Structure formats: C-alpha cells, structure tokens
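Heads up: the structure comes next, in structure tokens.
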Amino acid sequence: MSMVIPMASRRAVPTTPAPTTNELHLIQLHAQACNGLHAALHHLRDPQATEATMWAQAIARTQRALTAMKRASADLRQVVGG
C-alpha cells in the first residue's frame, strides 16, 4: 500500500491585496520623478548640446521631477494625515 502525502492546496497561499488607486498614483509620480531626473542627467551628458540648451533642458526636466515629488509628498500627507 502506498503512503499518501497531503499537499497544501492553492487556497492555502495568502493573497496580497490589490494596490489602491492612491498607491498606484504614488507609483506613477515616483516613476515620473525618476524619469525626469534621468532625462536631466542625459541632457547634462549630451556631448552635442550647446551649454545654454544643455542647462535649459536639464533644469526643465529637474523641475518636472521636483513637481512630481511634491505631488507625491502632498498625496502621502493626505493619506497618513500628517
């Protein structure tokens, strides 16, 4: 006679809750900030850009990144209540 070994069913695995709309918005803002800072670095490293355009484009991208971080901070304060 063979020995039967009980296996855990798929239902035994804990499920993670789906992210809320606010969490998804914070993730999007974080991605925008990261992309903006990456673009700013790209403009600063561009060997073909003139110095005036290099700085203007890098500053514009940095300001966009800062705006995304400010929005994320404000949204987070509303959620936490601080």
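Since this is a predicted model, take the numbers as computed values, not measurements.
- Atom CG in N22 sits 10.0 Å away from atom CD1 in I27 (nearest 0.5 Å).
- Nearest approach of A68 to A33, heavy atoms of both residues: CB-N, 3.9 Å.
- Contact record, R61 with A39: CG-CB, 3.9 Å, taken as the closest heavy-atom pair.
- Using a 4.5 Å cut-off on side-chain heavy atoms (C-beta onward), L26 and H30 make no contact.
- Counting only heavy atoms from C-beta outward, the side chains of R77 and S73 approach each other to under 4.5 Å.
- In plain terms, the two heavy atoms of A58 and A40 that are nearest each other are O-CB, 3.6 Å.
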Show me the donor-acceptor pairs, under 3.5 Å and distance only, between side chains in residues 44-55 and residues at least two apart or in other chains.
residue, atom, partner, partner atom, Å
D46, OD1, Q48, N, 3.3
T50, OG1, T53, N, 3.4
T50, OG1, T53, OG1, 2.9
T53, OG1, T50, N, 3.4
T53, OG1, T50, O, 3.1

Test side-chain contact (heavy atoms from CB on, under 4.5 Å) on R64 and Q32; report intermediate values, then the result. CA-CA 8 Å; R64 288 183 185 177; Q32 287 176 6; over 6 Å; no
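- The CE atom of M69 sits 8.5 Å away from the OG1 atom of T62 when rounded to the nearest 0.5 Å.
- Annotation: side chain of H25 is in contact with side chain of D75 (closest heavy-atom distance under 4.5 Å).
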